[in-house]
Structure formats: structure tokens, C-alpha cells
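Predicted, not measured: the structure shown is a model, and the values here were computed from it. This chain uses plain numbering: 1 for the first residue, then up along the sequence. Hydrogens, waters and symmetry mates play no part in the numbers below; they use all other heavy atoms, side chains included.
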Amino acid sequence: MCYYTQQKKIASELTKFFKREVDNPEKVLVSNFINGFSYPNIPVILDTKPEIITTNFTWGLLPNNRDKDFRKSTLNARVETLSDKVSFSPSINNRCLIIASAYYDWHWNDAAGKSKTKYQINSQDFELFCLAGIYNSWIDNQGNNWNTYSIVTTEADQQMKYIHNRKEAEGDQRMPILIKHTEGQNWLDAKNHPLDFAYPNYKPSIIGFPASGA
């Protein structure tokens, strides 16, 4: 799964890399370790406005008229079941790219997970990359605007099966879909089926290594 990421670039660096302006440069989240359960506003690129990087969407997709606490269950969305899940199916064609410089997972060194090694996973090709996402946007009865997204995950490759090895994940290891820098528009185009980006049809170019910190 993917609950923790890294985003190390300020607005001007994002603009230079992605050739897109940032809507609110002062709101760009820069952090070496981003906890998804804090529902942060990581910068994203939307299918409806691919010419800009937006900062007003937060992690943890909230379906229409659901309680905000529901978000802890929607940080990730499985690509294989997007169309089957009531929480995600209305958003299957609302595509976004979530900007990151790394994401994190933990390898269990013993069956109980009492000893764990934190791994940082980076793209082998670029310092920045994007994770596949879907999003939802609606206004509740109090006038609050909910702009939220989920990171889409797929079956793990061999490297991530080794890293994501905790007991409850046996036989069901996952990883986020890392979109190649040159293929961002392909994910944003709803004419392309999400399963086209599932592993092993679509193979990431990633490298994982032990990182500092628990």
C-alpha cells in the first residue's frame, strides 16, 4: 500500500520540472516525510486542468455525503476493483497525478513485526515522479468544499513484494502505480482503462533502499 510519501521541491522547482505553473505557490507542501493519515494537500495535476499544478486537493478520497472520518479507509484504491467499489466507482474517470519524490514502506524483519526496516522508494529515472490517483470534489450542506483523492495501487513487483512483506499482506502485496514522466497524460485520459496501468502490464522503474528513521 502507500500511506507515506516525500515531496522535496518548492513551487518554482515543480514549475521547472513539469513545465506547469502552480496555482498557489505558497501552499506547496514540502516535506521529507508525509503521513497520509494527516490528509495532507500534496500538489497534484488534474485531468480537468492539466496545464497547472493545484494545491487545494487533500489525500483520502471522500465520497459525496460521507463523514470525514471515512477518509482513513480511502488513502489507497485498488486498480483491479475501482469499478466495483461504491466509494471509488463514481470517480474512476476523475484522474489525477500526485507529485512525489519518494514513498515509503517497511520490511518486517520478524514475523511479529517487532523489528522493521524502513525503505525509501524512488524512481530510477527522475528525481520527481507522479503516482496515479483518482479524485472527487463536492460541497457539503455547511458549504465546505471537499476536494480529495486516493492513490491507486496495483500488485507488487518482486522488489516491493520483498519490502511489503508483513504477515497480513502475504499473497496480496501492493504498491502504488508510479506513472512514468513521459506518460502522465495517458493516465489523465479516461479513454485509457485503469487496468492498462496495472502491474505487470505496466512496469515501474523504481529502486528501494533502507532509509533513516523508524
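Rounding to the nearest 0.5 angstrom, the gap separating the OG1 atom in Thr55 from the CG atom in Leu29 is 10.0 Å.
Note on ring orientation: taking the six-membered ring where Trp is involved, the planes of Tyr149 and Trp59 are parallel (angle under 30°, cut-offs 30° and 60°). Aromatic ring orientation, His107 versus Tyr162: parallel (interplanar angle below 30°, classes split at 30° and 60°).
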Practice problem: Evaluate the side chain to side chain contact (heavy atoms under 4.5 Å, CB included) criterion for residues Met160 and Ile121: first the C-alpha distance (whole Å), next the side-chain angles of each, then the deciding distance (0.1 Å), finally the verdict. | Solution: CA-CA 9 Å; Met160 288 306 300; Ile121 298 94; 3.9 Å; yes
Exercise. Would you sort out whether Thr58 and Asn41 count as a side-chain hydrogen bond (donor to acceptor under 3.5 Å, both in side chains), showing the intermediate values?
Key: CA-CA 4 Å; Thr58 55; Asn41 61 330; over 6 Å; no
Quiz prompt | Audit row: Phe197, Tyr202, ring pair (Phe, Tyr, Trp, His ring centres under 6.0 Å) steps and yes/no | solution = CA-CA 5 Å; Phe197 300 87; Tyr202 189 82; 5.3 Å; yes
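Counting only N and O atoms by type, the side chains of Asn76 and Thr153 include no donor and acceptor under 3.5 Å apart. Checked by atom type, the side-chain pair Asn94/Asn136 shows no donor-acceptor distance below 3.5 Å. With no hydrogens or angles considered, no side-chain donor-acceptor pair links Arg66 and Thr74 at under 3.5 Å. In summary, the side chains of Asp23 and Thr54 do present a donor paired with an acceptor at a separation below 3.5 Å, with no hydrogens or angles considered.
Remark: aromatic rings of Trp106 and Tyr4 are close, center separation under 6.0 Å.
Cluster annotation: Ile177 and Leu97 are assigned to the same hydrophobic cluster (Ile/Leu/Val/Met/Phe/Trp/Tyr, side-chain heavy-atom contacts under 4.5 Å, transitive).
Not one N or O on the side chain of Lys203 forms a donor-acceptor pair closer than 3.5 Å with the backbone of Pro200.
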